[in-house]
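Excluded from the calculations below are hydrogen atoms, water molecules and symmetry mates; all remaining heavy atoms, backbone and side chain alike, are included.
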There are 2 protein chains.
Amino acid sequence: MNDHRRYARAIELLRAAKLRPTRQRMALARLLFATGHRHVTAETLHDEALAAHVRVSLATVYNALHRFTAAGLLREVVVDGQRSCFDTNTTDHQHFFIEEEGQLQDIPAASVQITGLPAPPPGTSIRRVDVIVRVAKVSG
Amino acid sequence: MNDHRRYARAIELLRAAKLRPTRQRMALARLLFATGHRHVTAETLHDEALAAHVRVSLATVYNALHRFTAAGLLREVVVDGQRSCFDTNTTDHQHFFIEEEGQLQDIPAASVQITGLPAPPPGTSIRRVDVIVRVAKVSG
DNA sequence: CCAGTAAATTAGAATCGTTCTAAAATATTG
DNA sequence: CAATATTTTAGAACGATTCTAATTTACTGG
Ligand SMILES: [Mn+2]
Ligand SMILES: [Mn+2]
Ligand SMILES: [Zn+2]
Ligand SMILES: [Zn+2]
(Lines give C-alpha, C1' and ligand atoms only; values in the text may rest on other atoms or scores of the structure.)
(Ligands and ions follow the chains in the order given, each with its own letter.)
Protein backbone atom coordinates (compact mmCIF):
# COMPACT_ATOMS: atom_id res chain seq x y z
CA MET A 1 0.00 0.00 0.00
CA ASN A 2 1.56 3.31 -1.04
CA ASP A 3 1.48 6.56 0.87
CA HIS A 4 -1.21 8.23 -1.16
CA ARG A 5 -3.38 5.20 -0.82
CA ARG A 6 -2.81 5.12 2.93
CA TYR A 7 -3.75 8.76 3.26
CA ALA A 8 -6.90 8.20 1.22
CA ARG A 9 -7.75 5.26 3.42
CA ALA A 10 -7.18 7.38 6.51
CA ILE A 11 -9.69 9.97 5.33
CA GLU A 12 -12.09 7.19 4.49
CA LEU A 13 -11.71 5.66 7.94
CA LEU A 14 -12.15 9.04 9.58
CA ARG A 15 -15.51 9.27 7.91
CA ALA A 16 -16.38 5.70 8.80
CA ALA A 17 -15.47 6.47 12.40
CA LYS A 18 -17.80 9.46 12.27
CA LEU A 19 -14.95 11.84 12.93
CA ARG A 20 -15.41 15.18 11.27
CA PRO A 21 -12.63 15.91 8.82
CA THR A 22 -11.48 19.13 10.43
CA ARG A 23 -8.52 21.15 9.31
CA GLN A 24 -6.50 19.86 12.27
CA ARG A 25 -7.34 16.19 11.77
CA MET A 26 -6.63 16.31 8.06
CA ALA A 27 -3.29 17.96 8.62
CA LEU A 28 -2.33 15.43 11.29
CA ALA A 29 -3.55 12.54 9.15
CA ARG A 30 -1.40 13.79 6.33
CA LEU A 31 1.67 14.05 8.54
CA LEU A 32 0.99 10.58 9.87
CA PHE A 33 -0.04 8.65 6.80
CA ALA A 34 1.36 10.35 3.74
CA THR A 35 5.00 9.41 4.06
CA GLY A 36 5.47 5.78 5.07
CA HIS A 37 5.10 4.27 8.50
CA ARG A 38 5.79 6.42 11.53
CA HIS A 39 6.32 6.12 15.24
CA VAL A 40 5.35 9.36 16.98
CA THR A 41 4.63 10.76 20.39
CA ALA A 42 2.09 13.51 20.98
CA GLU A 43 4.92 15.97 21.37
CA THR A 44 6.93 14.98 18.29
CA LEU A 45 3.78 15.15 16.17
CA HIS A 46 2.84 18.49 17.64
CA ASP A 47 6.32 19.89 16.93
CA GLU A 48 6.11 18.57 13.41
CA ALA A 49 2.75 20.19 12.89
CA LEU A 50 4.03 23.54 14.11
CA ALA A 51 7.09 23.22 11.88
CA ALA A 52 4.71 22.65 8.97
CA HIS A 53 2.82 25.80 9.98
CA VAL A 54 -0.23 23.84 11.01
CA ARG A 55 -1.82 25.64 13.94
CA VAL A 56 -3.03 22.99 16.34
CA SER A 57 -2.99 22.69 20.10
CA LEU A 58 -1.30 19.89 21.98
CA ALA A 59 -4.67 18.90 23.45
CA THR A 60 -6.01 18.38 19.95
CA VAL A 61 -3.01 16.25 19.05
CA TYR A 62 -3.74 14.03 22.04
CA ASN A 63 -7.42 13.90 21.13
CA ALA A 64 -6.64 13.00 17.54
CA LEU A 65 -4.11 10.31 18.45
CA HIS A 66 -6.62 8.64 20.75
CA ARG A 67 -9.52 8.92 18.31
CA PHE A 68 -7.36 7.60 15.46
CA THR A 69 -6.26 4.71 17.65
CA ALA A 70 -9.85 3.88 18.61
CA ALA A 71 -10.70 3.97 14.90
CA GLY A 72 -7.97 1.45 14.13
CA LEU A 73 -5.77 3.90 12.21
CA LEU A 74 -3.03 3.81 14.82
CA ARG A 75 -1.70 1.45 17.40
CA GLU A 76 -0.26 2.42 20.74
CA VAL A 77 3.14 0.95 21.56
CA VAL A 78 4.28 0.88 25.16
CA VAL A 79 8.06 1.20 25.40
CA ASP A 80 8.71 3.09 28.58
CA GLY A 81 6.70 4.19 31.53
CA GLN A 82 6.95 7.87 30.71
CA ARG A 83 5.43 8.54 27.32
CA SER A 84 3.00 7.00 24.87
CA CYS A 85 4.13 6.10 21.41
CA PHE A 86 1.81 5.73 18.42
CA ASP A 87 2.49 3.62 15.37
CA THR A 88 0.95 4.06 11.92
CA ASN A 89 1.72 0.43 11.18
CA THR A 90 -1.28 -1.43 12.56
CA THR A 91 -0.34 -4.77 11.09
CA ASP A 92 1.08 -7.53 13.26
CA HIS A 93 4.73 -6.74 13.87
CA GLN A 94 7.31 -6.31 16.59
CA HIS A 95 9.84 -3.66 17.55
CA PHE A 96 13.44 -3.00 18.28
CA PHE A 97 13.77 -0.29 20.88
CA ILE A 98 17.09 1.56 20.94
CA GLU A 99 17.38 2.59 24.56
CA GLU A 100 19.80 5.50 24.19
CA GLU A 101 17.71 7.18 21.51
CA GLY A 102 14.25 6.16 22.61
CA GLN A 103 13.78 5.12 18.97
CA LEU A 104 11.51 2.37 17.70
CA GLN A 105 12.23 0.29 14.64
CA ASP A 106 9.87 -2.20 13.04
CA ILE A 107 10.57 -5.90 12.83
CA PRO A 108 8.57 -7.55 10.05
CA ALA A 109 6.00 -9.80 11.68
CA ALA A 110 6.66 -12.64 9.32
CA SER A 111 10.23 -13.12 10.43
CA VAL A 112 9.41 -13.74 14.09
CA GLN A 113 7.74 -16.87 15.39
CA ILE A 114 6.44 -17.24 18.92
CA THR A 115 5.63 -20.78 19.94
CA GLY A 116 4.74 -22.51 23.18
CA LEU A 117 2.51 -19.80 24.61
CA PRO A 118 0.42 -21.38 27.35
CA ALA A 119 -3.32 -20.85 27.46
CA PRO A 120 -4.31 -17.43 28.79
CA PRO A 121 -5.67 -17.18 32.34
CA PRO A 122 -9.19 -18.62 32.73
CA GLY A 123 -11.92 -16.26 31.56
CA THR A 124 -9.60 -14.24 29.35
CA SER A 125 -8.63 -14.23 25.69
CA ILE A 126 -5.51 -12.97 23.99
CA ARG A 127 -5.81 -9.49 22.53
CA ARG A 128 -2.30 -8.94 21.35
CA VAL A 129 1.22 -10.19 21.85
CA ASP A 130 3.69 -7.35 22.21
CA VAL A 131 7.35 -8.07 21.59
CA ILE A 132 9.91 -5.39 22.34
CA VAL A 133 13.51 -6.24 21.65
CA ARG A 134 15.51 -3.80 23.75
CA VAL A 135 18.88 -3.05 22.24
CA ALA A 136 21.73 -0.85 23.38
CA LYS A 137 24.53 0.77 21.44
CA VAL A 138 27.87 -0.94 21.59
CA SER A 139 31.21 0.70 21.08
CA GLY A 140 32.91 -0.23 17.84
CA MET B 1 11.24 -19.68 56.76
CA ASN B 2 10.80 -17.93 60.12
CA ASP B 3 11.08 -14.24 60.93
CA HIS B 4 14.65 -14.36 62.12
CA ARG B 5 15.75 -16.23 59.01
CA ARG B 6 13.95 -13.76 56.75
CA TYR B 7 15.69 -10.88 58.44
CA ALA B 8 19.05 -12.54 57.92
CA ARG B 9 18.31 -13.11 54.26
CA ALA B 10 17.20 -9.50 53.75
CA ILE B 11 20.38 -8.19 55.35
CA GLU B 12 22.45 -10.56 53.26
CA LEU B 13 20.87 -9.37 50.01
CA LEU B 14 21.31 -5.72 50.90
CA ARG B 15 24.91 -6.17 52.03
CA ALA B 16 25.79 -7.99 48.82
CA ALA B 17 24.42 -4.96 46.95
CA LYS B 18 26.40 -2.57 49.20
CA LEU B 19 23.19 -0.97 50.40
CA ARG B 20 22.97 -0.11 54.08
CA PRO B 21 20.41 -2.30 55.75
CA THR B 22 18.19 0.46 57.08
CA ARG B 23 14.92 -0.16 58.86
CA GLN B 24 13.00 0.93 55.73
CA ARG B 25 14.95 -1.22 53.28
CA MET B 26 14.75 -4.27 55.48
CA ALA B 27 11.01 -3.88 55.85
CA LEU B 28 10.54 -3.39 52.09
CA ALA B 29 12.86 -6.29 51.29
CA ARG B 30 10.85 -8.48 53.63
CA LEU B 31 7.59 -7.49 51.95
CA LEU B 32 9.11 -8.10 48.53
CA PHE B 33 11.12 -11.26 48.97
CA ALA B 34 9.72 -13.19 51.91
CA THR B 35 6.56 -14.57 50.34
CA GLY B 36 7.16 -15.80 46.80
CA HIS B 37 7.41 -13.73 43.63
CA ARG B 38 5.64 -10.39 43.43
CA HIS B 39 4.71 -7.72 40.92
CA VAL B 40 4.40 -4.34 42.63
CA THR B 41 4.19 -0.66 41.85
CA ALA B 42 5.66 2.00 44.11
CA GLU B 43 2.22 2.81 45.34
CA THR B 44 1.03 -0.73 46.04
CA LEU B 45 4.23 -1.44 47.96
CA HIS B 46 3.91 1.81 49.88
CA ASP B 47 0.31 1.00 50.82
CA GLU B 48 1.39 -2.46 51.88
CA ALA B 49 4.13 -1.05 54.06
CA LEU B 50 1.74 1.35 55.75
CA ALA B 51 -0.76 -1.46 56.30
CA ALA B 52 2.05 -3.41 57.97
CA HIS B 53 2.73 -0.38 60.19
CA VAL B 54 6.08 0.29 58.54
CA ARG B 55 6.64 4.03 58.53
CA VAL B 56 8.28 4.85 55.21
CA SER B 57 7.85 7.68 52.73
CA LEU B 58 6.83 7.19 49.13
CA ALA B 59 10.12 8.77 48.04
CA THR B 60 12.01 6.09 49.92
CA VAL B 61 9.92 3.39 48.28
CA TYR B 62 10.87 4.79 44.88
CA ASN B 63 14.51 5.01 45.91
CA ALA B 64 14.52 1.47 47.19
CA LEU B 65 12.82 0.03 44.12
CA HIS B 66 15.38 1.65 41.86
CA ARG B 67 18.36 0.68 44.01
CA PHE B 68 17.10 -2.90 44.25
CA THR B 69 16.64 -2.96 40.48
CA ALA B 70 20.14 -1.63 39.84
CA ALA B 71 21.43 -4.29 42.23
CA GLY B 72 19.68 -7.02 40.24
CA LEU B 73 17.20 -7.87 42.97
CA LEU B 74 14.28 -6.61 40.90
CA ARG B 75 13.38 -6.17 37.29
CA GLU B 76 11.25 -3.40 35.85
CA VAL B 77 8.35 -4.43 33.63
CA VAL B 78 6.75 -1.89 31.31
CA VAL B 79 3.08 -2.61 30.81
CA ASP B 80 1.45 0.75 30.34
CA GLY B 81 2.63 4.26 29.82
CA GLN B 82 1.37 5.45 33.18
CA ARG B 83 3.12 3.53 35.92
CA SER B 84 6.20 1.43 36.54
CA CYS B 85 5.90 -2.15 37.67
CA PHE B 86 8.62 -4.08 39.49
CA ASP B 87 9.04 -7.84 39.48
CA THR B 88 10.85 -9.91 42.11
CA ASN B 89 11.32 -12.63 39.52
CA THR B 90 14.51 -11.64 37.71
CA THR B 91 14.81 -14.86 35.74
CA ASP B 92 14.01 -14.91 32.03
CA HIS B 93 10.25 -15.06 31.69
CA GLN B 94 7.28 -13.39 30.01
CA HIS B 95 3.97 -11.97 31.18
CA PHE B 96 0.27 -12.08 30.71
CA PHE B 97 -1.24 -8.67 31.34
CA ILE B 98 -4.91 -8.62 32.26
CA GLU B 99 -6.03 -5.26 30.93
CA GLU B 100 -9.12 -4.74 33.11
CA GLU B 101 -7.24 -5.40 36.32
CA GLY B 102 -3.83 -4.04 35.41
CA GLN B 103 -2.54 -7.36 36.77
CA LEU B 104 0.60 -9.18 35.65
CA GLN B 105 0.97 -12.94 35.66
CA ASP B 106 4.16 -14.84 34.96
CA ILE B 107 4.64 -17.12 31.98
CA PRO B 108 7.42 -19.64 32.59
CA ALA B 109 10.28 -18.77 30.24
CA ALA B 110 10.84 -22.36 29.23
CA SER B 111 7.42 -22.72 27.64
CA VAL B 112 7.85 -19.86 25.16
CA GLN B 113 10.17 -19.95 22.14
CA ILE B 114 10.95 -16.94 20.00
CA THR B 115 12.59 -17.73 16.69
CA GLY B 116 13.42 -15.78 13.58
CA LEU B 117 14.52 -12.57 15.24
CA PRO B 118 16.52 -10.59 12.72
CA ALA B 119 19.89 -9.12 13.64
CA PRO B 120 19.61 -5.98 15.77
CA PRO B 121 20.26 -2.61 14.11
CA PRO B 122 23.93 -2.02 13.26
CA GLY B 123 26.01 -0.93 16.21
CA THR B 124 23.60 -2.31 18.79
CA SER B 125 23.25 -5.52 20.76
CA ILE B 126 20.22 -7.15 22.31
CA ARG B 127 19.73 -6.41 25.99
CA ARG B 128 16.45 -8.11 26.60
CA VAL B 129 13.41 -9.39 24.78
CA ASP B 130 10.18 -8.36 26.48
CA VAL B 131 7.03 -10.29 25.69
CA ILE B 132 3.72 -9.04 27.03
CA VAL B 133 0.65 -11.09 26.16
CA ARG B 134 -2.26 -8.71 26.60
CA VAL B 135 -5.45 -10.49 27.53
CA ALA B 136 -8.96 -9.25 28.17
CA LYS B 137 -11.77 -10.76 30.14
CA VAL B 138 -14.45 -12.51 28.14
CA SER B 139 -18.04 -13.05 29.20
CA GLY B 140 -18.96 -16.67 29.80
C1' DC C 1 -27.82 29.88 1.80
C1' DC C 2 -29.30 30.07 6.93
C1' DA C 3 -30.37 28.90 11.70
C1' DG C 4 -30.00 25.45 14.96
C1' DT C 5 -27.42 21.93 16.90
C1' DA C 6 -23.76 18.81 17.65
C1' DA C 7 -18.95 18.16 17.62
C1' DA C 8 -14.32 19.80 17.95
C1' DT C 9 -10.72 22.95 19.35
C1' DT C 10 -8.35 25.48 22.65
C1' DA C 11 -5.82 27.75 26.60
C1' DG C 12 -5.03 27.00 30.75
C1' DA C 13 -5.84 24.51 35.01
C1' DA C 14 -5.72 20.17 37.12
C1' DT C 15 -4.04 15.58 37.83
C1' DC C 16 -0.92 11.91 38.43
C1' DG C 17 3.15 9.29 38.69
C1' DT C 18 7.62 10.29 39.50
C1' DT C 19 11.88 12.85 40.61
C1' DC C 20 14.28 16.46 42.94
C1' DT C 21 15.78 19.39 46.90
C1' DA C 22 17.74 20.29 50.93
C1' DA C 23 17.47 19.59 55.71
C1' DA C 24 17.27 16.18 59.43
C1' DA C 25 18.19 11.50 60.78
C1' DT C 26 20.81 7.40 60.72
C1' DA C 27 24.51 4.16 59.75
C1' DT C 28 29.43 3.27 59.47
C1' DT C 29 34.21 3.87 60.47
C1' DG C 30 38.00 4.79 63.29
C1' DC D 1 32.32 8.86 70.75
C1' DA D 2 33.45 12.00 66.72
C1' DA D 3 33.75 12.42 61.97
C1' DT D 4 31.92 11.15 57.74
C1' DA D 5 29.00 9.19 54.34
C1' DT D 6 24.59 7.62 53.33
C1' DT D 7 19.74 7.64 53.76
C1' DT D 8 15.28 9.34 54.72
C1' DT D 9 11.85 12.65 54.30
C1' DA D 10 8.30 16.35 53.40
C1' DG D 11 7.20 18.98 50.20
C1' DA D 12 8.16 21.28 45.91
C1' DA D 13 8.92 20.57 41.16
C1' DC D 14 8.37 18.19 36.97
C1' DG D 15 6.63 16.25 32.61
C1' DA D 16 3.20 13.75 30.35
C1' DT D 17 -1.44 13.59 30.03
C1' DT D 18 -6.30 14.74 30.87
C1' DC D 19 -9.93 17.84 32.05
C1' DT D 20 -12.77 22.18 31.95
C1' DA D 21 -15.45 25.28 30.03
C1' DA D 22 -15.60 28.78 26.70
C1' DT D 23 -15.21 29.51 21.78
C1' DT D 24 -15.13 28.01 17.16
C1' DT D 25 -16.29 25.02 13.51
C1' DA D 26 -18.88 21.49 10.95
C1' DC D 27 -23.10 19.47 9.73
C1' DT D 28 -28.23 19.10 8.89
C1' DG D 29 -32.82 20.27 7.56
C1' DG D 30 -35.40 23.71 5.73
MN1 LIG E 1 -3.49 6.79 26.31
MN1 LIG F 1 3.80 10.58 34.09
ZN1 LIG G 1 5.92 -0.28 14.39
ZN1 LIG H 1 7.15 -11.63 36.39
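Comparing V61(A) and T41(B) along DNA chain C, the residue whose closest nucleotide (by nearest heavy atom) sits nearer the 5' end is V61(A). If A42(A) and N63(B) are placed on DNA chain D by their nearest nucleotide, the residue sitting closer to the 5' end is N63(B).
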Throw together a table of side-chain donor-acceptor distances under 3.5 angstrom for residues 17-26 of chain A, partners on residues two or more places apart or in other chains.
unit_1: T22(A); atom_1: OG1; unit_2: R25(A); atom_2: N; d: 3.2
unit_1: R23(A); atom_1: NH1; unit_2: R55(A); atom_2: O; d: 3.0
unit_1: R25(A); atom_1: NH1; unit_2: R20(A); atom_2: O; d: 3.0

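Side-chain contact, H95(A) with D87(A): a donor N or O sits under 3.5 Å from an acceptor N or O.
Classification of R128(A) and E76(A) as a salt-bridged pair fails, no side-chain N sitting under 4.0 Å from a carboxylate O.
Rounded to 10°, the helix from dC1(C)-dG30(D) to dG30(C)-dC1(D) has 30° between the axis fitted to its first five pairs and the one fitted to its last five.
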Below 3.5 Å is the cut-off: list the nitrogen or oxygen pairs between protein and nucleotides 22-30 of chain D, distance only.
unit_1: dA26(D); atom_1: N3; unit_2: R20(A); atom_2: NH1; d: 3.3

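Contact of the V79(B) side chain with the V78(A) side chain is not registered, since no non-hydrogen atoms from C-beta on lie closer than 4.5 Å.
One interatomic measurement links the two molecules: CG of L19(B) to C1' of dA27(C), which rounds to 13 Å at whole-angstrom precision.
Closest to the Y62(B) side chain, of the nucleotides dT17(D), dT9(C), dT18(C), is dT18(C).
OP1 and OP2 of dC16(C) both lie 4.0 Å or more from every side-chain N or O belonging to R83(B). When the side-chain nitrogen and oxygen atoms of R55(A) are compared with OP1 and OP2 of dT9(C), none of them lie within a distance under 4.0 Å.
Listed by first and then second residue, the ring pair (Phe, Tyr, Trp, His ring centres under 6.0 Å) pairs that reach into residues 47-79 of chain B are H66(B)-F86(B), sequence neighbours excluded.
DNA chain C is contacted by H66(B) of residues 66-74 of chain B, taking any non-hydrogen atom closer than 4.0 Å.
Using a 30° and 60° split on the angle between ring planes, H39(B) and H93(B) fall in the tilted class, from 30° to 60°.
If you check every strand for non-hydrogen atoms under 4.0 Å, S84(B) touches sugar and phosphate atoms only.
Residues satisfying the ring pair (Phe, Tyr, Trp, His ring centres under 6.0 Å) criterion with H46(A), sequence neighbours excluded, are absent altogether.
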